2 protein chains.
Amino acid sequence: MTELMLPERQNRIRARLAQEGRVLAADLASEFSVSEDTIRRDLREMAAAGLCERVYGGALPVGLGNTSLRQRMSVAMERKRVLAQVAVRQIVPRSVVFFDAGSTHLAIAEALPDDLALTAVTNAPAIAVALAEKPRVDTVLVGGLIDRVAGGAVGARAIEALSGMRFDLCLVGTCGIDGEGGLSAFGYEDAALKQFAIARSSRVLVAATTEKFSIAAPYAVAKAAQYHCLVVEDDADPARLQIIRNEGCDIIVAARGAASAA
Amino acid sequence: MTELMLPERQNRIRARLAQEGRVLAADLASEFSVSEDTIRRDLREMAAAGLCERVYGGALPVGLGNTSLRQRMSVAMERKRVLAQVAVRQIVPRSVVFFDAGSTHLAIAEALPDDLALTAVTNAPAIAVALAEKPRVDTVLVGGLIDRVAGGAVGARAIEALSGMRFDLCLVGTCGIDGEGGLSAFGYEDAALKQFAIARSSRVLVAATTEKFSIAAPYAVAKAAQYHCLVVEDDADPARLQIIRNEGCDIIVAARGAASAA
DNA sequence: CAGGATTACGCTTAAACGTGCATAACCCGG
DNA sequence: CCGGGTTATGCACGTTTAAGCGTAATCCTG
């Protein structure tokens, strides 16, 4: 077997993932005649780029049931709940709020108090289910083809459905935040929908767990200047927050335990 | 059987849970060639993540987050699962299927086998969430204002979204069945949506628990001649079934215990 | 209420892991 | 041609993880 260049190797790994539904680090190492270390590095990179999901012993393709929202819900749930507690206070009664898909927003939907009257619009079925529990919330579902990874409807139909609406507040999710506070997403259509929702909202709020700061996703969604409020955890890097604050964003730090604002 | 990685194993357990309604630790251990201890660990983790309910000897599925739907689920949960097992066999691979809102259809969505490829269209967020767990199902969400009672989107926007589609199979719910097999619904808009979906489907299947035969809902949806197949429980009144059969419907009786049919 | 089945818990082992570092290949501006 | 810088890779190290085993506690059943 002729020696492969790095991108070739990663492409082959992707192909095998798609074809066989899984890859083992040891297999790949012997197949490509490289050390398992190298393979692990590849898999780590690919996972960071959203091309696969890292598991012990190898990797699995994204969205094979393992990336269900419910699964993501189970990781860092506690942290997301803390963010949600704070974010909920930013919602003014009787306003029209867009809930973007995402586990953090699911936590926010669950955290809504029972006496809060609201018109909620969402493209994520799981969020719609959570909202149905809230007696005073009218829920509008945005239809379209469901993106497994995003966990919500995206694409032309979803955009079309949004085009007749305006929101008082947009809760937009992000897959990664760069140094200047720029948001990015893993999916092309997902990114487009987020941009569209932002453009139709008078106020935009982003809630992000700390790990989002070390993830770079391929598709840009918005710069810091385009959203108004960022809710972060108390272990976020203050230097980076200051940069974003300088762009004109309000930053709310959700302290664990006592959820107080700054 | 090739050795499975941890997330794969847990996914399979989930699949079996959804499909068979329960799992036994001992069975899973021998099936996956791991110790029961490992299986118990899996089940414990899954239970902690809210993916199943731990019981002595194995685990049971846990309903989705929706309370009202969940309540309805738990009432006739077991009966609906039996209906679902039978109804699933009526779904031909690679077809386009409309799932009307309703707890019975939620049970059907959960009962879909993992290897069934399908395009599913639904107006119920809870069903969309269940479908998202199925790796080979493309899910299209029908948007609109959510009707709390029906548990799905209804009204003008939902109708509009449906108007560009045609279905190979329509799983339509009913609130009541009258003496001649006529279907009825509690909601005006809900009834309209059902009629619209039926009109756009080449085949229509109704799954109804026995209590539906003694309920009369205010809005008529369809007569027996308009649907092709009715799945009922084994305690349904044969005389009434015969009347409906005379209208030209196939009737499939789902026997409890042995869910075997042609 | 006794006995077998099932379970949680702590411990152990081997595999897989991430990291830091060294090496070698390559690129590119002098 | 040459020397600094970058990149891909492999290796050694200590760490983490998954899974099995033994034991004692717990649960069902008759």
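Worth saying up front: this structure is predicted, and the values here are computed from it rather than measured. Naming convention: chains lettered A, B, ... in sequence-line order (proteins, then strands); numbering from 1 in each chain. Atoms considered below: every heavy atom in the structure, side chains included; atoms not considered: hydrogens, waters and symmetry mates.
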Between P of dT7(D) and CE of Met5(A), the distance in whole Å: 15 Å
Phosphate-side-chain proximity, Arg41(A) and dT9(D), N/O vs OP1/OP2 below 4.0 Å: no
Spacing between Glu36(B) atom CD and dG22(D) atom C1', to the nearest angstrom: 15 Å
hbond_proxy Asp37(A) side chain to dC17(C) base (donor-acceptor, 3.5 Å cutoff): no
Nucleotide nearest Arg54(B) when distance is taken to its side chain, options dT7(C), dG22(D), dA12(D): dT7(C)
Side chain of Arg40(A) (C-beta onward), nearest among dT9(D), dT6(C), dA16(C): dA16(C)
Listed nucleotide nearest any side-chain atom of Leu6(B), set dA18(D), dT7(C), dT19(C): dA18(D)
Rounded distance in Å - CD (Glu45(A)) to P (dC17(C)): 15 Å
Atom pair distance, as rounded to whole Å: CG in Leu43(B) and P in dA19(D): 13 Å
For atom CG of Leu28(A) and atom C1' of dT9(D), their distance in whole Å: 16 Å
Donor + acceptor pair across side chains of Gln19(A), Arg16(A) (<3.5 Å): no
Within-4.5 Å side-chain heavy-atom neighbours: Leu83(B) and Thr209(B): yes
Between P of dA16(C) and CD1 of Ile39(A), the distance in whole Å: 13 Å
dG20(D) phosphate, OP1 or OP2, under 4.0 Å from Thr38(B) side-chain N/O: yes
More than 12 heavy atoms of other groups within 6.0 Å of Arg54(B) CZ: yes
Length of the line joining Gln10(B):CD and dA19(D):P, which is rounded to integer Å: 9 Å
Side-chain (Lys134(A)) to main-chain (Leu112(A)) donor-acceptor, under 3.5 angstrom: yes
Whole-Å distance separating the CG atom of Leu4(B) from the C1' atom of dA19(D): 14 Å
N or O in side chain of Arg9(A) less than 4.0 angstrom from dT9(D) OP1/OP2: yes
Of the listed nucleotides dC17(C), dA12(D), dC9(C), the one nearest the side chain of Tyr56(A): dC17(C)
Non-hydrogen side-chain atoms of Leu43(A) and Ile13(A) separated by less than 4.5 Å: yes
